[in-house]
Amino acid sequence: MKSTYETLQKIPLLRHALKEEWRRFLELAPSHDYRAGNTLFYQGNLPLGLHFISNGRVKLIKEDRAGRRQIVRMVQGPDLLGDRAFFADKPYRCTGEVMEDSTISFLQPHHFWAIFGRNPDTLRLLAQRFADELGRAEDYMHCISVCTINARMATRLLNNSKRPEARTPKGEFLLTETRTELAQVLGTTPEAVSRTLAKLSSKGLISVSGRRVRVLNEERLRLSACLHDSLN
């Protein structure tokens with residue numbers, strides 16, 4: 001449990017919490033373990049509180065009227081989750097589904113404001129967070145609209161290769177997403193994902209074996225990637 005608390009303190013909102021705020025948070029926001037595939041909240045439902053991811057990862061899935069699903073973002077702990085719907089007091093725009101075994105705390109609205117509502121630093125940190133998220137969203141939309149599938153894939157692979165938990169002792173890294181999930185993130189089809197991976201492999205930039213990927217030429221792969229780092 002101690003490691004969970006220490007990880008939570010890496011979230012800026014909690015890292016800057018006063019001693020009494022931190023004590024009350026631990027008292028009122030117990031942590032729970034979730035398995036891959038568990039759903040935290042559904043698109044269209046009103047938020048009942050705020051989620052704090054200690055470790056693990058959650059994907060945000062948007063579904064249209066035809067039932068087509070797209071992953072619009074993946075949230076890696078330690079981080080907040082569902083904060084836009086929570087602070088706007090509006091329904092979730094996406095469904096939150098756990099991607100890998102995760103530890104997540106949950107804080108009800110009246111507890112949040114009782115703990116943090118009188119601290120001006122809280123508002124400053126939240127404003128900064130929303131501004132950062134807006135910038136990433138703008139970069140993502142630009143990338144999906146302008147960058148080629150090769151560039152988007154190269155960017156995604158470079159981002160995945162930086163994740164310590166995904167690396168193997170042999171210097172490879174594991175694709176933690178399925179081909180379908182990658183396609184939803186990159187705005188394409190699973191078939192295009194497979195073709196693009198094969199193309200990058202044939203150029204000698206990467207090698208692929210199932211979900212195991214090795215970057216063979218990082219400099220060339222980086223030259224093929226998008227100019228911004230929005231596909232994380």
Side-chain angles (χ1 to χ4, degrees), residues 1-63 69 71-137 140 163-166 176-177 181 232:
M1 189 64 70
K2 181 180 179 182
S3 60
T4 298
Y5 293 161
E6 291 174 346
T7 306
L8 282 171
Q9 283 186 307
K10 295 180 181 180
I11 299 175
L13 179 67
L14 298 179
R15 185 170 64 242
H16 293 87
L18 302 176
K19 184 176 181 179
E20 178 61 18
E21 293 173 340
W22 177 241
R23 184 192 67 78
R24 294 192 66 192
F25 173 83
L26 296 181
E27 176 185 341
L28 297 171
S31 62
H32 300 279
D33 294 327
Y34 294 86
R35 299 294 184 186
N38 288 164
T39 300
L40 294 175
F41 50 81
Y42 290 92
Q43 179 177 326
N45 285 3
L46 284 170
L48 300 177
L50 187 60
H51 295 83
F52 296 76
I53 306 176
S54 172
N55 57 71
R57 195 158 51 139
V58 177
K59 58 184 176 181
L60 298 177
I61 307 167
K62 194 170 188 64
E63 185 171 343
R69 291 155 57 94
I71 298 175
V72 297
R73 192 159 59 100
M74 297 182 184
V75 183
Q76 175 78 43
D79 205 347
L80 297 179
L81 179 66
D83 46 314
R84 280 176 287 183
F86 175 84
F87 292 112
D89 194 24
K90 292 185 177 180
Y92 291 114
R93 293 181 177 270
C94 303
T95 294
E97 184 177 306
V98 178
M99 292 188 68
E100 57 194 46
D101 291 353
S102 304
T103 303
I104 302 173
S105 300
F106 182 78
L107 189 63
Q108 296 180 23
H110 61 285
H111 287 155
F112 176 88
W113 294 114
I115 296 172
F116 301 109
R118 298 181 180 179
N119 188 344
D121 287 338
T122 298
L123 299 178
R124 177 182 59 80
L125 290 169
L126 291 174
Q128 181 180 12
R129 173 183 172 83
F130 292 144
D132 289 343
E133 288 186 350
L134 179 60
R136 285 195 296 270
Y140 177 82
R163 298 180 59 209
E165 66 275 15
T176 54
E177 305 91 4
E181 288 173 335
N232 50 30

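This structure is a prediction, so every number in the text was calculated from the model and none was measured. All values below were derived from every heavy atom in this structure, side-chain atoms included, with hydrogens, water molecules and symmetry-related copies excluded.
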Colleague: Measure the CG-CG distance between Leu40 and Asn45 for me, rounded to the nearest 0.5 Å.
Modeller: 12.5 Å

Colleague: How many angstroms lie between atom CD1 of Ile61 and atom CD of Glu63, to the nearest 0.5 angstrom?
Modeller: 8.5 Å

Colleague: Quick check: are there more than 12 heavy atoms from other residues, nucleotides or ligands sitting under 6.0 Å from CZ of Arg15?
Modeller: yes

Colleague: Which pair of heavy atoms, one from Gly49 and one from Tyr92, lies closest together, and at what distance?
Modeller: O-OH, 3.9 Å

Colleague: Say you draw a straight line from CZ of Arg24 to CG of Leu18; how long is it, rounded to the nearest 0.5 Å?
Modeller: 12.0 Å

Colleague: What I'd like to find out is whether the side chain of Arg69 reaches to under 4.5 Å of the side chain of Lys62, using heavy atoms alone.
Modeller: no

Colleague: Salt bridge or not between Glu20 and Arg23? Use side-chain N to carboxylate O under 4.0 Å.
Modeller: yes

Colleague: Is it true that Lys59 and Glu100 make a salt bridge, defined as a side-chain N closer than 4.0 Å to a carboxylate O?
Modeller: no

Colleague: Sub-3.5 Å donor-acceptor pair from the side chain of Ser31 to the main-chain atoms of Ser105, do we have one?
Modeller: no

Colleague: May I have the step-by-step check of side chain to side chain contact (heavy atoms under 4.5 Å, CB included) for Val72 and Cys94, ending in yes or no?
Modeller: CA-CA 8 Å; Val72 297; Cys94 303; 3.5 Å; yes

Colleague: Applying side chain to side chain contact (heavy atoms under 4.5 Å, CB included), run through Phe25 and His111 and close with a yes or a no.
Modeller: CA-CA 8 Å; Phe25 173 83; His111 287 155; over 6 Å; no

Colleague: Side chain to side chain contact (heavy atoms under 4.5 Å, CB included) for Gln76 and Met99? Distances and angles first, verdict last.
Modeller: CA-CA 10 Å; Gln76 175 78 43; Met99 292 188 68; over 6 Å; no

Colleague: For the residue pair Phe87 and Phe130, categorise the inter-ring angle as parallel (less than 30°), tilted (30 to 60°) or perpendicular (more than 60°).
Modeller: perpendicular

Colleague: Once you round to the nearest 0.5 Å, how far does CD of Gln108 lie from CZ of Phe86?
Modeller: 10.0 Å

Colleague: Please determine whether a side-chain nitrogen of the Lys or Arg among Arg84 and Glu133 lies less than 4.0 Å from a carboxylate oxygen of the Asp or Glu.
Modeller: yes

Colleague: Is it the case that more than 12 heavy atoms not belonging to Leu48 sit under 6.0 Å from its CG atom?
Modeller: no

Colleague: Less than 4.5 Å apart, any side-chain heavy atom of Leu80 and any of Phe52?
Modeller: yes

Colleague: If you draw a 6.0 Å radius around CG in Asp132, do more than 12 non-hydrogen atoms from other residues or ligands fall strictly inside?
Modeller: yes

Colleague: Just verifying a value: how many Å separate Arg118 CZ and Glu21 CD, rounded to the nearest 0.5 Å?
Modeller: 10.5 Å

Colleague: Would you check if His32 and Thr103 make a side-chain contact, meaning some heavy-atom pair closer than 4.5 Å?
Modeller: no

Colleague: Which of these, Leu107, Leu126, Asp121, Leu125, sits in a side-chain contact (heavy atoms from CB on, under 4.5 Å) with Phe116?
Modeller: Leu107

Colleague: Show the numbers, then the answer: is there a side chain to side chain contact (heavy atoms under 4.5 Å, CB included) between Leu81 and Leu60?
Modeller: CA-CA 10 Å; Leu81 179 66; Leu60 298 177; 3.8 Å; yes

Colleague: Look at the side chain of Asp101 and the backbone N and O of Ala36, then say whether any donor-acceptor pair between them is shorter than 3.5 Å.
Modeller: yes

Colleague: Look at the side chain of Arg57 and the backbone N and O of Val75, then say whether any donor-acceptor pair between them is shorter than 3.5 Å.
Modeller: no

Colleague: Would you indicate whether the side-chain heavy atoms of Pro47 and Phe41 approach each other to under 4.5 Å?
Modeller: no

Colleague: Using a strict threshold of under 4.0 Å (side-chain N to carboxylate O), is an ion pair present between Arg129 and Asp79?
Modeller: yes

Colleague: CG of Leu13 to CG of Leu50: how many Å apart, nearest 0.5 Å?
Modeller: 8.0 Å

Colleague: Could you tell me whether Phe106 and Phe112 have their ring centroids closer than 6.0 angstrom?
Modeller: no

Colleague: Say whether, by atom type as modelled, one donor and one acceptor occur between the side chain of Asn38 and the main chain of Arg35 under 3.5 angstrom.
Modeller: yes

